[in-house]
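Structure, as structure tokens:
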Amino acid sequence: MNGKIALEEHFAIPQTLQDSAGFVPDDHWKILEARLLDIHEQRLRLMDEHGIEVCVLSLNAPAVQAIPDRAKAVELARIANDVLAEEVARRPDRFRAFAALPLQDPDAASAELHRAVTDLGFVGALVNGFSQDEQQGDGQLPLYYDLPQYRGFWAEVERLDVPFYLHPRNPLPQDARIYEGHPWLLGPTWGFAQETAVHALRLIASGLFDEHPGLDIVIGHMGEGIPAMLYRVDHRNRWVEAPHRYPARRKFVDYFAENFWITTSGNFRTQSLIDAVLELGSDRILFATDWPFENIDHAAVWFDSAAISDADRRKIGRTNSVKLFKLGDGPR
Ligand code: MN
């Protein structure tokens, strides 16, 4: 399929490059490093070869979220967003941008999102899970965005009317004891999905979407497992018939169907895609690759021939993203 729009497409700047070391064997690092720093050569060539018209670019992980020094986090987000704006300006027909945000400081994050959207023309934000702040728990307290101090930030996201992509990171060591002795379960194998799914469920349960029903949250990797678990999160011990014990008014499935969008990043499996279509409908699923951690060809060759209708392929591959990110007819 030509004209695809891809949504979870990462790059690095020298200051964040090392955050991605360790996710591949040492003998693959040089390749990953080159892929992360490249925007206009190999990346664009692969986009051309595989029918991807536009990539929405975002910084690698965890980057800004893992800098406990607030001033440094604020500065790095600004630098990364300025670099990205310049790169996108070189090929506005092929690239768009998600803002990196210093959520250690909710007010600074609101201001940076406002600047990125209104001054730099960014189409939303991509944030790498919880933030660390040296002023809270010595930086060892994972700050999730359902916490009360983030309601002002969410009000700004809703006002700006841009989607918020909640991207994974690994849990902090003290919260990762379940993986002890099994480091291969961290990262994309399992830890990323567990971390991000719980964060998304916290946002829902907290009542955030009752207060800000206009929010659009995007999660990758075919929904981080949530579509397959929606029945269970809403119906545990169903025979008891007790009301749920979280602040949100409705069931998880209602918010997931109205405030969430999922992407195909790094999860190129027709069975999982069809399950997501059955749970959410094809209007809320969006194409993404997760380059350079996954391959563009693996994503695109699979998606282009997946056993779904061509009407759904067109929606997921392009038109849903054109609508959500207000790309007009899409850059040409
Ligand atoms: Mn990713």
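Whatever order the structure lists ligands and atoms in, that order sets their numbers, starting from 1. Note that the coordinates shown come from a computational prediction; the quantities given were computed from them, not determined experimentally.
- Annotation: cation-pi geometry not satisfied between Arg318 and Phe287 (NZ/CZ under 6.0 angstrom from ring centroid, within 45° of ring axis).
- With sequence neighbours left out, the ring pair (Phe, Tyr, Trp, His ring centres under 6.0 Å) criterion links Tyr150 to Tyr145.
- Counting only protein N, O or S atoms, the number found under 2.8 Å from the Mn ion (ligand 1) is 4.
- Partners of His212 under the ring pair (Phe, Tyr, Trp, His ring centres under 6.0 Å) rule, at least two apart in sequence or in another chain, do not exist in this structure.
- The aromatic rings of Tyr144 and His199 stand perpendicular to each other, their planes meeting at an angle above 60°, with 30° marking the opposite boundary.
- In this view, Asp38 and Glu41, Gln42, Arg43 satisfy the side-chain contact (heavy atoms from CB on, under 4.5 Å) rule, not counting sequence neighbours.
- Ring geometry, Tyr165 versus His167: the interplanar angle falls from 30° to 60°, so the pair is classed tilted.
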